[in-house]
Amino acid sequence: MKFIKKPSVRPGALLRYCIIYICILFAAVIGVARSAIPSRQVYFGYDDASPVLNVEKNVSGGSYTVTAKLFGTIPVKQVNVEVIPDLKLVPCGDVFGVKFFTKGVIVIGSTEIETENGFVSPAQAAGIEKNDIITEVNGTEINTVEALAEVVEKSKGKPLTVSYTRENQVYETTLTPQLSLSDKKYKTGIWVRDSTAGIGTLTYYNPQNGCFAGLGHGICDIDTGELMPLLRGTIVNVNITDIVKGKSGSPGELKGVFETDKTGALIGNTDFGVYGMLDNSPTCVYEAMPAASRNEVEAGEATILSNVDGNGIKEYDVTLSKVDVRSDGTKCFVVEITDERLIELTGGIVQGMSGSPILQNGKIVGAVTHVLVGDPTKGYGIFIENMLSAMPELLQ
């Protein structure tokens, strides 16, 4: 019988293999830690989150960058930290109406114009595209559809210098209007929008300065899906007239009539919601309570506040799940409506309920932001700290 001699592993090679294995394992641990730690952390005056970040207690407020460390010594990643002094907010839940006017006009589409030389598209020839925001023409600020139409007609076909923004970058182009055969007016071949209106829900009110936040997401153009740049906005009360119940494949909505008297003004429109000042304290069912950090939000029972039928704010039972503490967006966890009273009224989450405050363990933890089209009893919520993170910037 012939024996095959097994190759021997030299001690030096074995050591190298061990070192390589340890390095790979270490890199994997660092990678997991890096992805697990959010790039932004918000603290309410103290370190209530993680020993990975060294945040001093009783900090009066401010923003800075710290290095997250594994085991207290190994650098993992840079984290932007914002410390918000301990504050108490009044959870709201009432519906409100907003009349929104844009800064610049939003291009929502383009078309061809029939001229004596055939069909042409001046806007396309100038490189202007859908989602662009026209801000100036020949150095004059443009904020309304009427203002753009007027300057185009007065051009009598002479080239115009147009300034516009695209993905936060400013551009300039030359646009030459053409005379339309159909109505003998000069046109550019673009469709634009300068305003919108809608219904949402107030999330919280800060009694110390009169500020409020609502929606939990930004006001976006219905055609482009892009965040609308705010020129000015007015808050008014709304009388709910009808509820279109949500069902699978068809989101419902609250319908209402705007009152004429102004009750507040918008300060800003951001990805995390709308913010502004109220003329008077809103009607609420709870006194001011603490805001929770993302690390305090738990999967399990919670409640929301909402006025869906116009008969006052009521508290409804919900369940939170799939809490993602790393989320810096508007879909931080799943909200499931479990209260049969609300399901009977609306079918679940409907348009107009965005911004409904979510309460858990005696704190405001977030707000309702979206509904799942396939199941209106479920939707998404945003951390309250994500909404708060935009407030200081707007109030400076």
Side-chain angles (χ1 to χ4, degrees), residues 42 44 84 87-98 100 198-219 233 235-238 254 263-278 280-294 296-297 302-308 312-316 318 320 327-333 335 337 342 349-360 362-371 379-395:
V42 176
F44 299 101
I84 299 176
L87 78 165
K88 291 187 176 181
L89 304 170
V90 178
C92 298
D94 207 359
V95 289
F96 71 98
V98 58
F100 189 105
I199 296 174
T201 297
L202 292 175
T203 304
Y204 65 80
Y205 170 74
N206 188 339
Q208 297 179 352
N209 55 21
C211 292
F212 76 90
L215 293 185
H217 59 70
I219 296 177
I235 301 300
V236 297
N237 289 328
V238 172
L254 303 180
T263 60
L266 288 187
I267 294 174
N269 179 36
T270 77
D271 291 328
F272 300 143
V274 296
Y275 304 86
M277 302 288 293
L278 293 178
N280 299 293
S281 301
T283 301
C284 300
V285 297
Y286 279 104
E287 298 293 329
M289 61 177 59
S293 72
R294 66 180 62 205
E296 295 178 282
V297 182
T303 60
I304 66 170
L305 299 177
S306 197
N307 180 9
V308 297
I313 304 165
K314 296 181 179 64
E315 190 167 10
Y316 299 101
V318 301
L320 308 185
S327 177
D328 290 328
T330 59
K331 298 179 179 180
C332 306
F333 48 85
V335 181
I337 306 297
L342 185 56
I349 300 171
V350 297
Q351 296 177 34
M353 286 176 61
S354 293
S356 297
I358 303 172
L359 310 181
Q360 188 180 64
K363 294 186 177 183
I364 305 175
V365 302
V368 175
T369 57
H370 300 81
V371 60
Y380 292 101
I382 182 175
F383 293 130
I384 197 68
E385 73 170 54
N386 287 3
M387 296 184 69
L388 283 167
S389 68
M391 288 293 285
E393 182 178 320
L394 292 170
L395 295 175

**OP:** Carefully, step by step, assess Phe96 and Leu278 under the rule side chain to side chain contact (heavy atoms under 4.5 Å, CB included).
**Re:** CA-CA 11 Å; Phe96 71 98; Leu278 293 178; over 6 Å; no

Original post:
Do Leu215 and Thr203 pass the side chain to side chain contact (heavy atoms under 4.5 Å, CB included) test, and can you show the C-alpha distance, the side-chain angles, and the key distance before you say yes or no?
Top reply: CA-CA 7 Å; Leu215 293 185; Thr203 304; over 6 Å; no

Subject >> Side-chain donor or acceptor of Gln360 paired with backbone N/O of Ala302 under 3.5 Å >> reply: no

Original post:
Can you name the residues that form a side-chain hydrogen bond (donor to acceptor under 3.5 Å, both in side chains) with Thr330, not counting sequence neighbours?
Top reply: none

Subject >> Gap separating the CZ atom of Phe272 from the CD atom of Glu385, nearest 0.5 angstrom >> reply: 10.0 Å

Subject >> Partner residues of Tyr286 under the side-chain hydrogen bond (donor to acceptor under 3.5 Å, both in side chains) criterion, sequence neighbours left out >> reply: Glu315

Original post:
Do you know which two heavy atoms are closest between Ala213 and Met387, and how far apart they sit?
Top reply: CB-CE, 3.9 Å

Original post:
Sub-3.5 Å donor-acceptor pair from the side chain of Ser356 to the main-chain atoms of Gly93, do we have one?
Top reply: no

**OP:** Kindly write out the residues that satisfy side chain to side chain contact (heavy atoms under 4.5 Å, CB included) with Val308, not counting sequence neighbours, or none if the list is empty.
**Re:** Leu254, Ser306, Tyr316, Leu342, Leu345, Thr346, Met353

**OP:** Examine distances only and state if a side-chain atom of Asn269 and a backbone atom of Ile219 form a donor-acceptor pair shorter than 3.5 Å.
**Re:** yes

**OP:** Could you walk me through whether Cys92 and Phe212 pass the side chain to side chain contact (heavy atoms under 4.5 Å, CB included) test, one step at a time?
**Re:** CA-CA 9 Å; Cys92 298; Phe212 76 90; over 6 Å; no

**OP:** Under the side chain to side chain contact (heavy atoms under 4.5 Å, CB included) rule, collect the residues that match up with Ser281, sequence neighbours excluded.
**Re:** Tyr205

Original post:
How far does CD1 of Ile358 sit from OG1 of Thr303, to the nearest 0.5 angstrom?
Top reply: 9.0 Å

Subject >> Straight-line distance of Ile349 CD1 to Ile304 CD1, nearest 0.5 Å >> reply: 6.5 Å

**OP:** Indicate the ring-plane relationship of His217 and His370, choosing parallel, tilted or perpendicular according to the 30° and 60° boundaries.
**Re:** tilted

**OP:** Return the set of residues passing ring-ring contact (aromatic ring centres under 6.0 Å, His included) with Phe333 (not counting sequence neighbours), or none when no residue passes.
**Re:** Phe383

Original post:
Once you round to the nearest 0.5 Å, how far does CG of Leu89 lie from NZ of Lys363?
Top reply: 12.0 Å

Subject >> Residue list, side chain to side chain contact (heavy atoms under 4.5 Å, CB included) with Ile313, at least two apart or on another chain >> reply: Asp94, Val285, Leu305, Asn307

**OP:** For Gln351, check side chain to side chain contact (heavy atoms under 4.5 Å, CB included) against everything at least two apart and list the hits.
**Re:** Pro251, Glu253

**OP:** Could you pull out all residues at least two apart from Thr369 that satisfy side-chain hydrogen bond (donor to acceptor under 3.5 Å, both in side chains)?
**Re:** none

Subject >> Closest non-hydrogen atom pair, Asn386 against Cys332 >> reply: ND2-SG, 3.5 Å

**OP:** For residues Leu320 and Val297, report the shortest heavy-atom separation together with the two atoms involved.
**Re:** CD1-CG1, 4.1 Å

Original post:
Where do Asn206 and Lys88 come nearest, in terms of heavy atoms and distance?
Top reply: OD1-O, 4.5 Å

Original post:
How many angstroms lie between OG1 in Thr283 and CG in Asn237, if you round to the nearest 0.5 Å?
Top reply: 8.5 Å

**OP:** Write down the atom of Leu202, the atom of Pro282, and the distance for their closest heavy-atom approach.
**Re:** CD1-CB, 4.3 Å

Original post:
Considering all heavy atoms of both residues, which atom of Ile364 and which atom of Val90 are nearest to each other, and what is their separation?
Top reply: CD1-C, 4.3 Å

**OP:** Using the side chain to side chain contact (heavy atoms under 4.5 Å, CB included) rule, take Glu296 and Val365 through it: C-alpha gap first, then chi angles, then the decisive distance, then the call.
**Re:** CA-CA 8 Å; Glu296 295 178 282; Val365 302; over 6 Å; no

